[in-house]
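As the structure is a computational prediction, the values presented were derived from the model and not from experiment.
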2 protein chains.
Amino acid sequence: MGISKTEIFTEEQNMLAKFAKVLGHPARIAILEYLFKRETCVCGDLVGEIGLAQPTISQHLKELKQLGLIKGTIEGTSVCYCVDKVAWATMKRALNSFLNHDVQNPECC
Amino acid sequence: MGISKTEIFTEEQNMLAKFAKVLGHPARIAILEYLFKRETCVCGDLVGEIGLAQPTISQHLKELKQLGLIKGTIEGTSVCYCVDKVAWATMKRALNSFLNHDVQNPECC
DNA sequence: ACTCTTTATTGTAATATTGCAATCAATAAA
DNA sequence: TTTATTGATTGCAATATTACAATAAAGAGT
């Protein structure tokens, strides 16, 4: 149906999926990498840096913002976007603990 | 357009996004968690464990298999699915190095 | 007030994803 | 051979995502 049955999964599973999902597009990966690389971070730079139209970048930024991963402060006509340190750490912790699962039985398959 | 412009991004960005994307659904998170928990791992178990129809589970398994994260060996009428140790380690390494980015300038926003 | 710059929003088209009923393929058991 | 059993595949409907042109909104500079 194109809609996820979130209600049958645990809070943690849904949270992990949400974090992973927002990282599941190369444009958002590129945006985050750029924000990490720069000290000053303006959306206009991103449109120049990444080869996507301004509305598309704006939409990807919105998705990152909705998860709290980035925050934007208005500076005159432009907006300064940065990675939210706390939210990033939270995501990192969650994904890391999932990724740290080990394959129990290497003889199985 | 519902299609990602993968050609304008680096190999690494596309790879990271692909890995993250496949983790971006709670059913696939649940499947992987179950495979980590169990020694014997059959698709039928998953249908019982997770509240989704058999074709849906089969489809999620297919996506995980396509990325090489899991592998399935036929055992009689059933299929034994397991996490691929090497592929999992590769993904873990890739995502970890991305997640390890640090916020440079906490004074920015 | 007018104009420019910058970002957000709206509307729309194309494609992708999610989910399941129905069905198929293959092996096992009788 | 017939009859389960198990999992994959097909076909379809509903929804989501991606992308961008057009436009709006808001402040800066003239």
Side-chain angles (χ1 to χ4, degrees), chain A residues 1-9 13-14 17-31 34-35 40-67 70-82 109, chain B residues 1-9 13-14 17-31 34-35 40-67 70-82 109:
Chain A
M1 293 175 184
I3 189 168
S4 301
K5 285 193 158 180
T6 53
E7 71 276 8
I8 66 171
F9 301 105
Q13 287 166 340
N14 284 317
K18 260 192 176 177
F19 278 135
K21 194 175 186 177
V22 88
L23 299 182
H25 193 290
R28 293 192 287 270
I29 296 284
I31 287 171
Y34 190 73
L35 291 186
T40 56
C41 36
V42 184
C43 182
D45 291 2
L46 289 165
V47 176
E49 189 78 8
I50 304 167
L52 289 172
Q54 180 267 324
T56 309
I57 297 290
S58 192
Q59 196 175 298
H60 284 302
L61 287 168
K62 192 180 177 185
E63 281 171 70
L64 290 166
K65 203 160 45 166
Q66 273 170 348
L67 254 187
I70 64 172
K71 50 189 175 178
T73 48
I74 298 167
E75 296 213 351
T77 49
S78 59
V79 177
C80 172
Y81 274 113
C82 304
C109 294
Chain B
M1 292 176 184
I3 189 168
S4 302
K5 284 193 161 180
T6 52
E7 70 276 8
I8 66 172
F9 301 105
Q13 287 165 341
N14 283 319
K18 260 193 176 177
F19 278 135
K21 194 176 187 179
V22 87
L23 299 182
H25 193 290
R28 293 191 287 268
I29 296 285
I31 287 171
Y34 189 72
L35 292 186
T40 56
C41 35
V42 184
C43 182
D45 292 2
L46 289 162
V47 176
E49 189 78 8
I50 304 165
L52 288 171
Q54 181 267 321
T56 310
I57 297 291
S58 191
Q59 196 175 296
H60 284 303
L61 287 169
K62 191 180 176 185
E63 281 171 72
L64 291 167
K65 203 161 44 167
Q66 272 171 349
L67 254 187
I70 64 174
K71 51 187 174 179
T73 48
I74 298 167
E75 296 214 351
T77 50
S78 58
V79 177
C80 171
Y81 273 113
C82 303
C109 293

Spacing of [atom1] belonging to [X] relative to [atom2] belonging to [Y], to within rounding of 0.5 Å:
X: B:Leu64; Y: B:Leu23; atom1: CG; atom2: CG; value: 8.0 Å
X: A:Lys65; Y: A:Leu67; atom1: NZ; atom2: CG; value: 13.0 Å
X: A:Lys18; Y: A:Thr6; atom1: NZ; atom2: OG1; value: 8.5 Å
X: B:Ile50; Y: A:Phe9; atom1: CD1; atom2: CZ; value: 6.0 Å

Original post:
Quick one: what's the B/S/- string for nucleotides 3-8 of chain D, heavy-atom cutoff under 4.0 Å, read 5' to 3'?
Top reply: --BSBB

Interatomic distance where [atom1] belongs to [X] and [atom2] belongs to [N] [whole Å]:
X: B:Glu75; N: C:dA26; atom1: CD; atom2: C1'; result: 15 Å
X: A:His25; N: C:dT15; atom1: NE2; atom2: C1'; result: 12 Å
X: A:Arg28; N: D:dA16; atom1: CZ; atom2: P; result: 15 Å
X: B:Glu63; N: D:dT9; atom1: CD; atom2: P; result: 13 Å
X: B:Lys62; N: C:dA16; atom1: NZ; atom2: P; result: 14 Å

Subject >> CD1 (A:Ile74) with more than 12 external heavy atoms under 6.0 Å >> reply: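 No - once you tally the heavy atoms of other residues, nucleotides and ligands closer than 6.0 Å, there are 12 at most.
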
Original post:
Taking OP1 and OP2 of D:dT17, is either one under 4.0 Å from a side-chain nitrogen or oxygen of A:His60?
Top reply: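 A:His60 to D:dT17 OP1/OP2: no side-chain N or O under 4.0 Å.
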
Original post:
Is the phosphate of C:dA16, meaning OP1 or OP2, less than 4.0 Å from a side-chain N or O of B:Lys21?
Top reply: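 It does not, given that no N or O in the side chain of B:Lys21 lies less than 4.0 Å from OP1 or OP2 of C:dA16.
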
**OP:** Look at all strands and tell whether A:Ile74 reaches a base, only sugar-phosphate, or nothing, counting heavy atoms closer than 4.0 Å.
**Re:**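 Nothing: the residue A:Ile74, judged by heavy atoms under 4.0 Å, touches no strand.
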
Original post:
Paired with D:dT17 by Watson-Crick or G-U wobble geometry, both distances under 3.5 Å: which nucleotide is it?
Top reply: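 Check on D:dT17: paired to C:dA14, both distances under 3.5 Å.
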
**OP:** Kindly indicate whether the side chain of B:Leu61, heavy atoms from C-beta on, has any atom under 4.5 Å from the side chain of B:Val79.
**Re:**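 B:Leu61 does not reach B:Val79 side chain to side chain.
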
Original post:
Among the nucleotides D:dC20, C:dA16, C:dG19, which one has an atom lying closest to any side-chain atom of B:Gln59?
Top reply: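 Comparing D:dC20, C:dA16, C:dG19 against the side chain of B:Gln59, the answer is C:dG19.
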
